[in-house]
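So the structure is just underneath, and the comments pick up after that.
Please read these numbers as outputs of a predicted model, since none were measured by experiment. Throughout, residue positions are numbered sequentially from 1 according to the sequence presented.
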Amino acid sequence: HFTLRFVSENVDGTVKVSALREFQIEDLLGRAPAQLDTAAIQSYLRDKTVMITGAGGSIGSELCRQVARFSPKALVLFERHEFNLYQIHMNMCELFPDIDIHAVIGDVLNQQRVERTLKQFQPQVVFHAAAYKHVPLMELNPDEALKNNVYGTWNVAHLSQAHGVRKFVMVSTDKESLRKDLESKK
């Protein structure tokens, strides 16, 4: 697969073979790729117990795979949807058989369940990815968005602090801004 510079860059309307280059996945970003400090990430994930809320979601499941690359001692996959949790748990066990992986059914709104999970596994790192993310749908259901995204986040953050979690990372995406940005480029 090849890609070509913008037509505006080919002012005379002709295309030369030299203008073609190998397609790179970064071409889809529309920006320069972020550079990760893998040494720093490795230092706070290696041999640690890591809990990921929303582990079965689109962002959470990819986060599980990315975190596992840094050799944590254990991964706690916290998810309220049984089938999503089942899928990511099976996938992770297959891809990372040397990591101790725990599948926990639970809702971030259930303080007792979050607290029992934190007490049982004592994670040093929590990635909080459990959230509603489809902005137009959530604008039609603001009470549910507020309850899940705000109170659920508060539960996980507050209880993480109370149980000695050393690093708490809230993962969020602003899909509405992304959609508007993409539409403005059309």
Side-chain angles (χ1 to χ4, degrees), residues 25 29 31-134 138 145-175 177-178:
I25 195 69
L29 283 176
R31 61 171 172 77
Q35 298 301 313
L36 296 178
D37 184 351
T38 54
I41 296 169
Q42 179 85 33
S43 74
Y44 79 83
L45 293 179
R46 179 181 275 295
D47 297 324
K48 304 283 191 325
T49 297
V50 179
M51 178 172 159
I52 300 173
T53 68
S58 57
I59 294 169
S61 60
E62 183 58 28
L63 188 56
C64 291
R65 288 184 280 275
Q66 295 300 319
V67 166
R69 294 177 36 231
F70 293 98
S71 305
K73 177 177 71 176
L75 270 177
V76 180
L77 313 179
F78 192 88
E79 172 62 52
R80 70 177 171 181
H81 297 288
E82 174 206 11
F83 184 67
N84 292 10
L85 181 59
Y86 173 78
Q87 283 187 308
I88 190 60
H89 183 244
M90 292 293 102
N91 182 245
M92 294 299 295
C93 289
E94 181 181 327
L95 293 174
F96 303 97
D98 296 333
I99 298 174
D100 193 14
I101 300 172
H102 305 277
V104 178
I105 293 278
D107 190 317
V108 295
L109 291 169
N110 183 332
Q111 286 185 323
Q112 291 80 17
R113 184 64 171 149
V114 173
E115 186 159 35
R116 278 195 318 267
T117 304
L118 290 166
K119 278 183 183 178
Q120 180 180 354
F121 296 104
Q122 300 176 358
Q124 290 92 5
V125 180
V126 170
F127 285 91
H128 176 56
Y132 289 135
K133 63 183 181 185
H134 299 284
M138 292 301 96
L146 177 72
K147 185 169 67 173
N148 189 70
N149 292 6
V150 175
Y151 300 134
T153 298
W154 188 88
N155 280 342
V156 177
H158 173 74
L159 291 167
S160 290
Q161 181 182 31
H163 288 277
V165 170
R166 285 191 246 151
K167 292 218 182 261
F168 180 89
V169 180
M170 182 175 154
V171 180
S172 180
T173 179
D174 186 350
K175 290 178 88 172
S177 291
L178 177 62

Taking the side chain as every heavy atom from C-beta outward, state whether L118 and P123 have any atom pair closer than 4.5 Å.
yes

Which ring-ring contact (aromatic ring centres under 6.0 Å, His included) pairs, counting each pair once, include a residue from residues 78-119, with sequence neighbours left out?
H102-F121

Locate the shortest heavy-atom distance separating G56 from I88; write the atom from each residue and the value.
CA-CG2, 4.1 Å

Scan the side chains in residues 104-113 for donor-acceptor partners under 3.5 Å anywhere in the protein, sequence neighbours excluded, and list what turns up.
unit_1: D107; atom_1: OD1; unit_2: L109; atom_2: N; d: 2.8
unit_1: D107; atom_1: OD2; unit_2: R80; atom_2: NH1; d: 3.3
unit_1: N110; atom_1: OD1; unit_2: Q112; atom_2: N; d: 3.2
unit_1: N110; atom_1: OD1; unit_2: R113; atom_2: N; d: 3.0
unit_1: Q111; atom_1: NE2; unit_2: N155; atom_2: OD1; d: 2.9
unit_1: R113; atom_1: NE; unit_2: I105; atom_2: O; d: 2.8
unit_1: R113; atom_1: NH2; unit_2: I105; atom_2: O; d: 3.1

Partners meeting ring pair (Phe, Tyr, Trp, His ring centres under 6.0 Å) with Y132 (sequence neighbours left out)
none

When rounded to the nearest 0.5 Å, the distance separating CG of L85 from CD of Q87 is 10.0 Å

Around Q161, counting heavy atoms of other residues, nucleotides and ligands shown, do more than 12 lie under 6.0 Å from its CD?
no

Does any part of the side chain of R46, heavy atoms only, come nearer than 4.5 Å to the side chain of F70, both counted from C-beta?
no

Could you walk me through whether T153 and M170 satisfy the side-chain contact (heavy atoms from CB on, under 4.5 Å) test, starting with their C-alpha distance in whole Å, then the side-chain angles of each, then the deciding distance to 0.1 Å, before giving a yes or no?
CA-CA 8 Å; T153 298; M170 182 175 154; 3.8 Å; yes

Which distance, rounded to the nearest 0.5 Å, do you find between the OG1 of T53 and the CG of L63?
9.0 Å

Check A68 against L75 and note the closest heavy-atom contact, atom names and distance.
CB-CD1, 4.1 Å

For a quick test of reading the model, state the closest non-hydrogen atom pair linking E79 to A55 and the distance between them.
OE1-N, 3.4 Å

Looking at NE2 of H163 and NZ of K119, how far apart are the two atoms once the value is rounded to the nearest 0.5 Å?
5.5 Å

Rounded distance (nearest 0.5 Å) linking atom CD of Q42 with atom CZ of R69:
9.5 Å

So OG of S43 and CG of L45: to nearest 0.5 Å the spacing works out to 8.0 Å

Looking at V125 and Y44, what are the two nearest heavy atoms and their distance?
CG2-O, 3.5 Å

Closest contact, heavy atoms only, G54 versus A130
N-CB, 3.6 Å

S160: what forms a side chain to side chain donor-acceptor pair (under 3.5 Å) with it, not counting sequence neighbours?
none

Partners of K147 by side chain to side chain donor-acceptor pair (under 3.5 Å), sequence neighbours excluded?
E144

Tightest non-hydrogen contact, residues L77 and M92, listed as CD1-CG, 4.3 Å

Once salt bridge (charged side-chain N to carboxylate O under 4.0 Å, His left out) is applied, do any residues pair with R65, and if so which ones, sequence neighbours excluded?
E62

Rounded to the nearest 0.5 Å, what separation is found between the NZ atom of K48 and the NZ atom of K167?
9.0 Å

